[in-house]
*Asks:* 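Provided herewith is a single structure, encoded as C-alpha cells, for subsequent inquiry.
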Amino acid sequence: MTDRQPLTDLLPTTPAAPAPATDPAPHPAPDRRPRRRWPLWSALVAILLLVSGLVMVLPAVVARDGAAFAGVVARAENPTTRAARLLAGRITGQLDRQSAALLAGDRAGFLAIAEPAVHADLRRRFTTLRALQVTGWEARPSGLPTEAGRPGEWRLTVEFRYCFVVPDCRTSSVLVETRWRGDRGEPRLLALAGSRTETQLAGRAEWQAEALPWEVSELVVAVGGRTLVATTPALRKRLPDLLARAEAAAKVADRYVVTGSRPDRYRIYYAGPKEWKRWYGGDLPGWAAGYAIGIGGGHRDIVVRAGQYTDTAVDELLRHELAHAASLPDNDRWDESAWWLVEGLAEYVASDGRSISRYDGLSATRRLVNRGWNGKLDSVAPADDASPLRVAGNYGISYLAVSHLVARFGEERVFAFVKAVIHDLRIPRQTAEEIFGQPWSTIHDGCVAYIRDVAG
C-alpha cells in the first residue's frame, strides 16, 4: 500500500534542519618564525616571570584574541543572516512558552505569543489538541527565517513533534509555514499557513503537503484502551458506537503485527463529506471508503468515510484499516506489484475467520475473474477511475490469494513472507523458496488456480 491505500465502498485502508552550528574555535597555525638565542640569564628571568605570572597573562591573551576573532566573524557574517539567526533564537523561546502552555492546559498562555488575528485559529487548535489528549508537544524552527516582503515581517517553517494519549511515545512530525513580526519586542506570530507531514520513502524523509484533521477541523474525541476515535461535532452521536467497534477491531488487528511492537494507539478519524475532501489532501478515488496514512514515528492515521454502511461493513472496514496500521512498516517503499499482498492480508484480517463462501466481495470477484483477468497477481491493483464493482473484484482476488497461502503454509510463514516483501523489499522470487520451500512461480500458479477454482 502506498501512503494512502483506499478500501472500496463495497468492502466490509527534510528532517528539521539542524540548529545553526556555532562558530568553531580558531586553531592558530604553528609559529614558524626563526627564534633568537637569548643569553642564559635572560632565559632564567623569563622562567621566573612565567612561573609567577602565567595564570594572569594567559587568560588575558586568550580573552583578547578570542574577542578579536569573534569580532572578525561578526563583521564577516551577512547582516541579514545574522538578524535571522538572532530572530530564530527569540522565536524558539516563544515556541517553548507556547508548548509549555499547551501541555499545562493554559489557553491564555498558548495564545499569548500571537497577534489577535490568529487567536480564533489557535483557540480551535488548542481545544482539539487537548481533546486528543496531547502528551507531547515540541516546536522548533526548521531553518532560518526569511524576510516576508513587509518591513519587520519574516517567514519561518516550524516543525511540531507530538504525541497523543501515550506519554513518551515516538513523536510524529508536521512542518507548518508561519509568519512573524520581529522588528520590536518579542516576536509575534502573525499567521499559520500550509503544513507538510513526514513520510519515509527509499530511506529518505520526505514531506508531503497535507491538512491534518486536528489542524483544520474542530474535533470531538473518544479514547479507549487501544483506540482513539475523533470526528466533527455534527457526527458526535456516532462516537460511542464507533469507539466500541474500533476497540473490537483493535483486538483482532493486534494479532497481526508482522514485526516490532503493536501500535501504542490506533488513531481513527471519522470524516464527514467536507472533511473527506479536505483531510490529508482529499485526493481519493470515488470508490474509496477509508485509508491508513503514515505520519512518521511509527504511526498511521486511519480515516474512515462517513456513510450509510451496515454494521457488518463498518466492522470489516475498521478491521481492514487497523490491519494496515498493525502490519505495515514505517516507510512506504513497496510498489504496486505488492498491492495484492498488502490488501489481501488486510482483507484476510477483515474477514476475521469467516469462511470463503461468506466473503462479501465474492460475486464481484467471480465477475472479474471470468471476464478477462490476466492471471497475474502483480498487476491486480485497480486504477483510480475503476468502477466500484471492478475494485471489489481486485480486492477479492487479493483476499483469495492470501487466504490460499495461509491455508497451505500457515500464518507464521505468511507473516514471514510479508516481512520479506513489504518490510525488507525483497521480491517474491528471491524469498519464496526460502520461506515456503517452493519456487515463486509454483506458489503463484497455485494461488491463481485456487482463485479460478473458487470463482468458477
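Sequence positions, counted from 1, serve as the residue numbers for this chain. When reading the values below, keep in mind they use all heavy atoms of this one structure, side chains included, and skip hydrogens, waters and symmetry mates. Bear in mind that the values here come from a model prediction, so they are computed numbers and not experimental data.
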*Asks:* Within a strict 4.5 Å, meaning less than it, do heavy atoms of the R238 and T231 side chains meet?
*Replies:*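 The answer is no; the side chains never approach within 4.5 Å.
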
*Asks:* What pairs of residues pass the side-chain hydrogen bond (donor to acceptor under 3.5 Å, both in side chains) test when at least one of them lies in residues 246-257, not counting sequence neighbours?
*Replies:*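 Applying side-chain hydrogen bond (donor to acceptor under 3.5 Å, both in side chains) to every pair that reaches into residues 246-257, excluding sequence neighbours, yields R226-D254, T227-E247, D254-R262, D254-Y266, Y256-E411.
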
*Asks:* Quick one: list whatever passes salt bridge (Lys or Arg N to Asp or Glu O under 4.0 Å) with R245, sequence neighbours left out.
*Replies:*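 Per chain and number, R245 pairs via salt bridge (Lys or Arg N to Asp or Glu O under 4.0 Å) with D241, D311, D315.
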
*Asks:* Any side-chain donor-acceptor pair under 3.5 Å between T312 and T310?
*Replies:*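 Not at all, the side chains of T312 and T310 share no donor-acceptor pair under 3.5 Å.
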
*Asks:* Taking CG in D168 as the centre, count heavy atoms belonging to other residues, nucleotides or ligands within less than 6.0 Å. Is the count above 12?
*Replies:*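 12 or below, so no.
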
*Asks:* When rounded to the nearest 0.5 angstrom, what is the spacing between CG in L111 and CG in L189?
*Replies:*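 So the gap between those two atoms works out to 10.5 Å.
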
*Asks:* A side-chain contact here means heavy atoms from C-beta on lying under 4.5 Å apart; do Y399 and S351 qualify?
*Replies:*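 Yes, their side chains come closer than 4.5 Å.
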
*Asks:* Test of understanding: with salt bridge (Lys or Arg N to Asp or Glu O under 4.0 Å), list the residues that count as partners of R181, not counting sequence neighbours.
*Replies:*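 R181 satisfies salt bridge (Lys or Arg N to Asp or Glu O under 4.0 Å) with E115, D183 once adjacent residues are dropped.
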
*Asks:* Residues two or more places apart in sequence or in another chain: which of them pass salt bridge (Lys or Arg N to Asp or Glu O under 4.0 Å) with E186?
*Replies:*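 In terms of salt bridge (Lys or Arg N to Asp or Glu O under 4.0 Å), with neighbours along the sequence ignored, E186 is linked to R97.
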
*Asks:* Quick one: are I302 and L318 in side-chain contact, heavy atoms under 4.5 Å?
*Replies:*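 No. Closest side-chain heavy atoms not under 4.5 Å.
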
*Asks:* Between W287 and R390, does a side-chain contact (heavy atoms from CB on, under 4.5 Å) hold up when you go through it step by step?
*Replies:* CA-CA 10 Å; W287 45 262; R390 182 178 180 87; over 6 Å; no

*Asks:* The criterion is side-chain contact (heavy atoms from CB on, under 4.5 Å); which residues satisfy it with R371, sequence neighbours excluded?
*Replies:*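 Result, side-chain contact (heavy atoms from CB on, under 4.5 Å) vs R371: R367.
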
*Asks:* Could you note down all residue pairs passing ring-ring contact (aromatic ring centres under 6.0 Å, His included) where residues 227-247 supplies at least one of them, sequence neighbours left out?
*Replies:*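 Residue pairs passing ring-ring contact (aromatic ring centres under 6.0 Å, His included), neighbours aside: none found.
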
*Asks:* With a 4.5 Å heavy-atom cut-off, do T365 and W373 have their side chains touching?
*Replies:*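 A side-chain contact is absent here, since even the closest heavy-atom pair is not under 4.5 Å.
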
*Asks:* Nearest 0.5 angstrom please: S173 OG to Y162 OH, how far?
*Replies:*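 OH of Y162 is found 8.0 Å from OG of S173.
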
*Asks:* Would you say the side chain of L242 lies within less than 4.5 Å of the side chain of I268, judging by non-hydrogen atoms?
*Replies:*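 No, every pair of side-chain atoms sits at 4.5 Å or beyond.
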
*Asks:* With a 6.0 Å cut-off on ring centres, are W276 and Y291 close enough?
*Replies:*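 That pair passes the under 6.0 Å test.
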
*Asks:* Taking only distance into account, with no hydrogens and no angle test, what donor-acceptor pairs under 3.5 Å do side-chain atoms of residues 432-444 form with protein atoms, sequence neighbours excluded?
*Replies:*
| residue | atom | partner | partner atom | Å |
| --- | --- | --- | --- | --- |
| E434 | OE1 | R426 | NH1 | 3.4 |
| E434 | OE1 | R426 | NH2 | 3.0 |
| H444 | NE2 | L377 | N | 3.2 |

*Asks:* What residues form a side-chain contact (heavy atoms from CB on, under 4.5 Å) with H404, not counting sequence neighbours?
*Replies:*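 R408, C447, Y450.
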
*Asks:* Residues two or more places apart in sequence or in another chain: which of them pass side-chain contact (heavy atoms from CB on, under 4.5 Å) with D385?
*Replies:*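 Per chain and number, D385 pairs via side-chain contact (heavy atoms from CB on, under 4.5 Å) with A383.
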
*Asks:* Excluding sequence neighbours, so at least two apart, what forms side-chain contact (heavy atoms from CB on, under 4.5 Å) with S398?
*Replies:*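 By the side-chain contact (heavy atoms from CB on, under 4.5 Å) rule, S398 matches W339, W340, V380.
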
*Asks:* When rounded to the nearest 0.5 angstrom, what is the spacing between CH2 in W154 and CZ in R179?
*Replies:*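 Output value for this atom pair is 14.0 Å.
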
*Asks:* Does R140 reach the side chain of T92, with side-chain heavy atoms less than 4.5 Å apart?
*Replies:*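 Of all side-chain heavy-atom pairs linking T92 with R140, at least one is under 4.5 Å.
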
*Asks:* Can you list every salt bridge (Lys or Arg N to Asp or Glu O under 4.0 Å) pair that touches residues 122-131, not counting sequence neighbours?
*Replies:*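 Sorted result for residues 122-131: D121-R124, D121-R125, R125-E215.
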
*Asks:* Taking ring-ring contact (aromatic ring centres under 6.0 Å, His included) as the cut-off, I'd like each qualifying pair that reaches into residues 215-236, sequence neighbours left out, listed once.
*Replies:*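 Sorted pair list comes back empty.
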
*Asks:* Take atom CZ in R107; do more than 12 heavy atoms of anything else shown fall under 6.0 Å from it?
*Replies:*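 It does not: R107 CZ has 12 such atoms or fewer within range.
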
*Asks:* So that I can tick it off, tell me whether E159 and R161 are bridged by a salt bridge, with the cut-off set at under 4.0 angstrom between side-chain N and carboxylate O.
*Replies:*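 Looking at R161 and E159, the cut-off is met.
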
